[in-house]
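Working notes, beginning with the structure itself.
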Number of protein chains: 2
Amino acid sequence: MALARKPADPLHAFAAHDHGNCSRDALARAEAITTAAGARLTPVRRRALEILLEDHRALGAYDVLNRLAGEGFGNQPPVAYRALEFLVAHGLAHRIQRLNAFTACTHIGNAHSPAFLICRSCSTVAEAAAGAIRTALDAAADEQGFVVEMSTIEALGLCPACRSAAA
Amino acid sequence: MALARKPADPLHAFAAHDHGNCSRDALARAEAITTAAGARLTPVRRRALEILLEDHRALGAYDVLNRLAGEGFGNQPPVAYRALEFLVAHGLAHRIQRLNAFTACTHIGNAHSPAFLICRSCSTVAEAAAGAIRTALDAAADEQGFVVEMSTIEALGLCPACRSAAA
DNA sequence: TCTATGTATGTTATATTATAACAGGTCAAC
DNA sequence: GTTGACCTGTTATAATATAACATACATAGA
């Protein structure tokens with residue numbers, strides 16, 4: 001069975017990789033996770049995820065909506081927003097605040113609240129482990145008696161490829 | 001001269017403080033900074049800043065616009081967006097991405113790119129030193145060969161007062 | 001099998017946030 | 001006193017997001 005691969009591990013968006021496997025993997029995990037949660041990865045939801053998985057970029061809700069509408073799904077904003085909301089709620093996608101956009105999760109199944117690295121040149125979005133960052137944030141917050149419940153950590157900059165290209 | 005005070009130092013939004021001084025200070029510094037930069041703190045801009053300084057919350061552009069319009073300034077969106085853009089460009093205010101809103105800077109003059117602590121109960125927004133956080137973020141990014149140019153770090157949680165109130 | 005229930009989808013309508021493009025006014029430098 | 005830069009204001013529209021309701025579908029219990 002081609003799908004039963006060892007999860008590609010610290011594979012990140014900027015690294016060269018077999019993207020076909022990357023997205024098939026993600027989809028298989030998504031099925032598993034939603035089933036385990038007693039939720040349903042219905043056709044719109046699944047298709048929305050597939051669209052996000054096409055590349056490591058963030059798409060606006062209306063971009064996703066247009067794609068869905070073109071394929072016979074409803075063409076009103078709630079169709080896209082609801083599908084995306086579902087994906088985010090189940091950890092299958094993330095919302096990028098700076099971009100008002102959504103990106104497929106590249107670490108489905110690992111509970112996490114990652115930092116995002118957004119290339120200003122090619123728009124690729126990668127996830128970075130936020131553990132140490134979150135620790136530092138908690139410490140800074142604690143100095144003011146503040147308790148962090150959720151955090152948004154997003155960086156804008158240049159990915160390795162665009163950096164070499166610029167040089 | 002009442003205005004020539006020693007800058008209140010690690011004064012933060014959650015701490016009890018003389019808010020009158022707090023905002024007078026900010027305004028005085030804002031004048032100094034814009035003058036030094038060869039920019040002009042015109043009446044709309046100054047008033048927009050005063051409105052943001054009224055408390056340590058974030059206001060949407062349209063909230064600011066309504067206030068300005070009520071005081072005889074223009075009442076079309078660009079009036080507010082332009083004033084806010086100016087304030088942000090000169091480090092007199094910050095944009096909070098999670099809230100699509102703006103808050104007066106509480107550390108005017110210290111070049112900084114702070115982390116924001118947003119209380120989900122009272123909506124107060126405080127700034128926290130982001131040095132260590134930024135270091136951790138840079139390190140995480142570096143593992144993927146990514147170079148961070150700007151970062152957005154925003155935390156949602158409970159401020160000390162709301163935490164005690166909840167207990 | 002039938003039906004009650006919860007859940008999902010689709011629609012209409014509207015709210016909220018944001019920007020483009022242009023006209024007129026102010027002000028300081030020359 | 002005119003030029004040029006910048007600021008304000010306007011009209012118009014774009015982009016993002018949600019409320020509210022109607023219909024359909026899946027499935028568990030009778």
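So that the names make sense, note that chain A is the first sequence line, chain B the second, and so on, each numbered from 1.
In summary, of the residues considered (B:V79, B:L59, B:I51), a side-chain contact (heavy atoms from CB on, under 4.5 Å) with B:L65 occurs for B:V79 alone.
For B:L84 and C:dA18, the CG to P distance is 10 Å, given to the nearest whole Å. Rounded to an integer number of Å, the gap from A:Y81 OH to C:dT16 P is 14 Å. As a whole-Å value, the separation of B:L59 CG from C:dT16 P is 15 Å. C:dA18 atom P lies 13 Å from atom CZ of A:R98, rounded to whole Å. Taking atom CZ of residue B:R95 and atom C1' of nucleotide C:dT19, one finds them 12 Å apart after rounding to whole Å. Between B:E85 atom CD and C:dT17 atom P the separation is 18 Å, expressed in whole Å. Atom pair B:Q76:CD and C:dT16:C1' shows a separation of 15 Å (rounding to whole Å applied).
Taking the charged nitrogens against the carboxylate oxygens, B:R45 and B:E50 have no contact shorter than 4.0 Å, which rules out a salt bridge. Salt bridge absent: B:D63 and B:R67 never bring a charged side-chain N and a carboxylate O closer than 4.0 Å.
Residue B:A39 is the one, among B:N100 and B:A39, whose nearest nucleotide of DNA chain D lies closer to the 5' end (criterion: closest heavy atom). Where A:F86 and B:F102 each meet DNA chain C at their nearest nucleotide, the meeting point lying more 5' is that of A:F86. Between B:A101 and B:R82, the residue whose closest nucleotide on DNA chain C is further toward the 5' end is B:A101.
Taking OG1 of B:T106 as the start and NE2 of B:H56 as the end, the distance is 7.0 Å to the nearest 0.5 Å. Between A:T42 atom OG1 and A:R47 atom CZ the span is 13.0 Å, to the nearest 0.5 Å.
Along DNA chain D, the stretch of nucleotides lying under 4.0 Å from any heavy atom of chain A spans, 5' to 3', D:dT16 to D:dA26.
Contact check, B:Y62 against C:dT17: no side-chain N or O comes under 4.0 Å of OP1 or OP2. Between A:R40 and C:dT7, a side-chain N or O to OP1/OP2 separation shorter than 4.0 Å is absent.
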**OP:** Give the intermediate values and the outcome of side chain to side chain donor-acceptor pair (under 3.5 Å) for residues A:E54 and A:H19.
**Re:** CA-CA 8 Å; A:E54 285 174 7; A:H19 191 62; over 6 Å; no
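Among the nucleotides C:dT17, C:dG10, C:dA8, the one closest to any side-chain atom of A:R45 is C:dA8.
B:V125 forms part of a hydrophobic cluster together with A:M150, B:I96, B:L99, B:F116, B:I118, B:L156, judged by ILVMFWY side-chain heavy-atom separations under 4.5 Å.
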